[in-house]
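First the proteins, then the strands, lettered A, B, ... as listed; each starts at 1.
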Amino acid sequence: MSEEEAERMLLDLKEKAELMVDLAYSSLIYNNKELAEEVYELEEHIDKLNDELQKLAIEDAKKGELNLNEALAIIKLATSTEMIADAARDIADVQLREIELHPILKESFLETDEIFLRVTISPNSILRNKKLGELHLASETGMWVIAIKRGDKWIYDPGKDVCLKENDVVFVKGNKEGKEHFLALAEGREKEL
Amino acid sequence: MKEMGKSPGRGKLPKWKEEELEEVEYEPRSIKDILIEMKNISELIVDLAYSSLLFDNKELAEEVKYLEARMDTLNYEIRLIAMMAARNKRDAERLTAILQIAEAAETISDAAGDIVDIISLKLDHPILPRLIRESDETIKKLVVSDKSKACNKSIAELRVASETGVRIITIRRGKKWIYAPKKDEKLRAGDIVVGVGPKEGLDKFNAFLEGKTEGL
């Protein structure tokens, strides 16, 4: 495994693990089965990724490209990421199994200051066909895009050059105060940033 | 490895370990407050754990250990309260869902703790030296000095984001954590601030918090 590959791997695991935790809590807050199902999907994906990583680490150690401690580090990292993914699935499971939710639950989570939204970009939205870099969403709305789902494809932690397209499902995080503004922009009700 | 034979006295334990061993005092808090804090910790701790590994940052790893110990305490408290709150079968069923979430939140923080333990594996070089050199964004733990002009000023007043590009993701004040602090949160002497942003911005912010510069 080259340094570059290792770097990509670690970033990839970090982004997916964070996203899963966000999605799992959000499925509870918004009482949303679709989000919970996405957590299940991601969990399977992470399981596969972790299997591959562990094999790769062992192979590289055998070839002498990694020393034992390095290989061990990667295997431990994969194991811990899997633990996080499983825990996120357990949270989403509460939503999917239709366990009657305690009213406290929703109330608690709605009170947090940092919120997480899942919005579909409408054909009328001014965010459409614009690069994230030119939109300055974080400073204009206090919300930043952490992932985009385009059809079956996921884009995690999108860079400045990524363009939002209509029907993209975007996952944003940010301050409570920015919520309405961002929603209006994405749904095409508000035409100015 | 040298440390292993010794049996350290209590004074030699790291701070987070002391916190873990401290007796849990039963303070009546609502399940709601505890759950909010558990959710906040589980989101923050994942970010901090991977970041400490990415940037080979032992100070962040220490914060992860603090949070992990805090999470243990919260999970214990929530179980106590839940047991006392159940009056009938319906209550018990609904509280089960809450305990399932609390348990999962604790698992997440344990996993994060395991991730930062990887740093102590004594790797010949950090796993990702390239990233440390080239990444434009990094994460840093900063301390507010009592000499700093930042004391008693809010994040908004200081215009941290616009002057430095730094986003403050958490503040630790003694044993209390402020997760995703609001713009009107005032910094105090002794605060531990975790910021994410461009290297130059963080250095500038750090110099200001240490009291070496008069303003941002």
Side-chain angles (χ1 to χ4, degrees), chain A residues 2-4 6-7 9-11 13-15 17-18 20-22 24-25 28-29 67 69-70 72-74 76-77 79-95 97 99-105 107-109 111-114 116 138-139 142 144 173-177, chain B residues 30-40 42-43 45-47 49-51 53-54 85 90-91 93-98 100-101 103-119 121-125 127-131 134-135 161-162 167 169 179-183:
Chain A
S2 70
E3 261 175 38
E4 241 165 275
E7 168 187 324
M9 164 212 63
L10 187 47
L11 275 175
L13 290 181
K14 174 177 190 284
E15 280 154 15
E18 281 179 325
M20 277 196 74
V21 175
D22 281 336
Y25 284 115
L28 292 179
I29 298 171
N67 71 34
N69 269 344
E70 286 165 335
L72 189 60
I74 291 170
K76 282 184 179 229
L77 186 67
T79 312
S80 299
T81 306
E82 213 166 313
M83 244 170 99
I84 294 173
D86 288 350
R89 190 203 48 206
D90 287 346
I91 294 172
D93 175 67
V94 173
Q95 172 61 35
R97 281 197 306 156
I99 304 172
E100 186 191 2
L101 281 191
H102 203 285
I104 283 177
L105 258 182
E107 206 187 315
S108 330
F109 292 153
E111 264 178 37
T112 54
D113 293 315
E114 200 174 49
F116 182 85
S139 50
W144 58 95
K173 214 174 168 172
N175 232 296
K176 221 182 202 167
E177 296 121 42
Chain B
S30 69
I31 289 198
K32 200 177 87 187
D33 290 343
I34 299 177
L35 212 53
I36 291 180
E37 195 176 347
M38 291 181 94
K39 171 180 181 277
N40 284 333
S42 53
E43 287 171 342
I45 204 170
V46 173
D47 186 2
Y50 286 99
S51 295
L53 201 58
L54 272 168
R90 183 156 174 266
D91 274 357
E93 271 168 359
R94 298 205 296 191
L95 286 162
T96 308
I98 289 181
Q100 181 169 339
I101 293 162
E103 201 57 46
E106 165 141 33
T107 307
I108 290 171
S109 86
D110 288 346
D114 290 349
I115 288 175
V116 300
D117 284 341
I118 296 173
I119 297 182
L121 271 177
K122 301 255 183 320
L123 303 174
D124 294 340
H125 52 83
I127 301 189
L128 301 162
R130 184 191 306 275
L131 190 66
E134 286 176 10
S135 153
S162 52
R167 187 157 55 87
I169 57 174
Y179 311 94
K182 282 193 219 147
K183 295 223 164 81

Give the C-alpha distance, both sets of side-chain angles, the deciding distance and a yes or no for side chain to side chain contact (heavy atoms under 4.5 Å, CB included) between A:Val21 and B:Lys39.
CA-CA 9 Å; A:Val21 175; B:Lys39 171 180 181 277; over 6 Å; no
Do you know which two heavy atoms are closest between B:Ala97 and A:Val94, and how far apart they sit?
CB-CG1, 3.9 Å
Heavy-atom distance under 4.5 Å to chain B: side chain of A:Thr81, backbone, both or neither?
both
Return a table of donor-acceptor pairs under 3.5 angstrom between the side chains of residues 103-114 of chain B and protein atoms on other chains or two or more places apart.
from: B:Glu106; atom 1: OE1; to: B:Asn75; atom 2: ND2; distance (Å): 2.4
from: B:Thr107; atom 1: OG1; to: B:Glu103; atom 2: O; distance (Å): 2.9
from: B:Ser109; atom 1: OG; to: B:Glu106; atom 2: O; distance (Å): 3.1

Whether the B:Tyr50 and A:Glu15 side chains hold a donor-acceptor pair (N or O, under 3.5 Å, no angle test) is what I'd like checked.
no
Under 4.5 Å from any heavy atom of chain A, what part of B:Ser51 do you find: side chain, backbone, both or neither?
both
Answer key: most heavy-atom pairs under 4.5 Å with chain B among A:Ala88, A:Ser80, A:Ala17, A:Ala85 is A:Ser80
May I ask you to name which of A:Glu18, A:Met83, A:Lys14 has the most heavy-atom pairs under 4.5 Å with chain B?
A:Lys14
